[in-house]
S.K.: 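Dropping the structure in here first, questions after.
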Number of protein chains: 2
Amino acid sequence: MNGRMRIGELTERAGVTPRTVRYYESIGLIPPGEREGQGQHYYTEETLARLRKINQLKKLRLSLDEIRDVIDLYFIDPSGVQAKQKVLVVLRQHLAEADQKIREYQQFRAELEDHIERFERWLEEKKPR
Amino acid sequence: MNGRMRIGELTERAGVTPRTVRYYESIGLIPPGEREGQGQHYYTEETLARLRKINQLKKLRLSLDEIRDVIDLYFIDPSGVQAKQKVLVVLRQHLAEADQKIREYQQFRAELEDHIERFERWLEEKKPR
DNA sequence: TAAAAACATTACGTTAACGTTATGTTTTGG
DNA sequence: CCAAAACATAACGTTAACGTAATGTTTTTA
């Protein structure tokens with residue numbers, strides 16, 4: 001009933017797979033589950049909370065790298081102000097990148113139309129029979 | 001002089017690296033250079049022409065897979081009509097995909113702005129000093 | 001107490017088109 | 001003829017976030 005759980009409960013409650021938990025441990029996104037000697041790992045409610053926060057941030061399309069840069073703030077400063085300020089910076093970057101991508105694709109699109117027209121004209125000229 | 005050359009001349013004239021030539025050979029984009037017994041490979045003018053045509057198609061942003069589907073036509077049908085017709089189909093697909101990408105990024109962009117606004121308002125409310 | 005769950009660990013696979021060592025062989029120029 | 005180019009081959013690296021075996025151990029349950 002308390003906050004001590006094995007990976008099965010953790011993953012079920014967090015909505016992730018064991019593979020994901022272990023991967024996050026391996027990259028330092030969440031603390032490694034404690035273990036008694038060898039054998040299985042035990043996790044806490046705080047780790048569960050971390051996983052849920054990570055999932056929220058993933059929905060905002062933050063990468064795991066970006067999440068790692070802000071996740072601790074959520075637990076150091078419970079008000080969430082500092083974390084959200086930092087996330088906001090990232091979101092603005094993403095916005096700029098999205099704008100850039102849109103411009104690139106529009107540019108590519110224009111070139112494509114140009115090529116297509118050229119091809120069509122070339123084929124028209126070749127085929128007047 | 002004639003059309004018999006080793007990889008050095010081939011790559012220099014085609015504007016690619018030896019690695020690229022060997023990679024293309026390995027995926028069947030160009031015929032393997034002939035060799036006498038063991039040792040070095042010799043290439044022909046036609047292979048050079050193929051490489052140049054491949055480069056042209058790459059400028060149109062065709063993938064190597066897509067190029068493989070059309071490259072032979074350029075040498076089977078010297079008029080180029082069939083090849084260009086096939087390329088045209090690919091270009092139109094790319095156009096559709098570009099449009100799709102643009103829509104996706106615009107959607108993402110809109111969501112981002114939404115999130116950003118939310119964050120800004122949340123931070124405003126928290127900080128009324 | 002023995003079989004069934006659950007868990008742990010290792011490692012390959014996923015996309016595209018080569019770049020970059022590392023090492024060994026062949027050809028060429030003086 | 002020998003050193004310097006040029007060439008050949010094999011194999012790892014590159015991006016992100018895990019999925020998916022394969023195999024072995026621990027915990028739970030009947």
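Proteins get letters first, then strands, A, B, ... in listed order; numbering begins at 1 in each. Because the structure is predicted, anything quoted here is derived from the model rather than measured.
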S.K.: State the CG-NZ distance between Asp77(B) and Lys84(B), to the nearest 0.5 angstrom.
M.R.: 9.5 Å
S.K.: How do Thr20(B) and Arg6(B) order along DNA chain C: which one's closest nucleotide is nearer the 5' end?
M.R.: Thr20(B)
S.K.: Between C1' on dC18(C) and CD1 on Ile7(B), what's the gap in Å once rounded to a whole number?
M.R.: 13 Å
S.K.: When you measure from the centre of the six-membered ring of Phe108(A), is the NZ or CZ of Arg61(B) under 6.0 Å away and within 45° of the axis?
M.R.: yes
S.K.: In whole Å, I'd like the distance from the CD1 atom of Ile30(A) to the P atom of dA17(D).
M.R.: 15 Å
S.K.: Near DNA chain D, which residues from residues 88-97 of chain A have a heavy atom under 4.0 Å away?
M.R.: none
S.K.: As an exercise, state the distance from CD1 of Ile116(B) to CD of Glu113(B), rounded to the nearest 0.5 Å.
M.R.: 6.5 Å
S.K.: Would you indicate, yes or no, if dG19(D) has its OP1 or OP2 atom less than 4.0 angstrom from a side-chain nitrogen or oxygen of Tyr23(A)?
M.R.: no
S.K.: Please figure out whether Arg19(A) or Gly39(A) has its closest DNA chain C nucleotide nearer the 5' end.
M.R.: Gly39(A)
S.K.: What's the CZ-P distance between Arg68(B) and dA16(C), to the nearest Å?
M.R.: 11 Å
S.K.: Distance check: side-chain N/O of His41(A) vs OP1/OP2 of dA8(C), anything under 4.0 Å?
M.R.: yes
S.K.: The test is side chain to side chain contact (heavy atoms under 4.5 Å, CB included); show your working for Tyr105(A) and Leu112(A) and say whether it passes.
M.R.: CA-CA 10 Å; Tyr105(A) 274 107; Leu112(A) 266 177; over 6 Å; no
S.K.: Just call it for Tyr42(A): base, sugar-phosphate, or nothing, with non-hydrogen atoms closer than 4.0 Å on any strand.
M.R.: nothing
S.K.: Report yes if at least one side-chain N or O of Lys58(B) is closer than 4.0 Å to OP1 or OP2 of dC18(C); otherwise report no.
M.R.: yes
S.K.: Where the side chain of Thr17(B) is defined as all heavy atoms beyond and including C-beta, which of dG19(C), dA8(C), dA8(D) is the nearest nucleotide?
M.R.: dG19(C)
S.K.: side-chain hydrogen bond (donor to acceptor under 3.5 Å, both in side chains) between His94(A) and Glu66(A): does it pass, once the steps are laid out?
M.R.: CA-CA 11 Å; His94(A) 286 197; Glu66(A) 289 167 335; 2.9 Å; yes
S.K.: Measuring from Ile27(B):CD1 to Asp65(B):CG, what's the distance to the nearest 0.5 Å?
M.R.: 7.0 Å
S.K.: Between atom CD1 of Ile67(A) and atom CD of Gln56(A), what is the distance when rounded to the nearest 0.5 Å?
M.R.: 10.5 Å
S.K.: Using a 4.0 Å heavy-atom cut-off, does Arg22(B) contact any base of the nucleic acid, only the sugar-phosphate backbone, or nothing at all?
M.R.: base
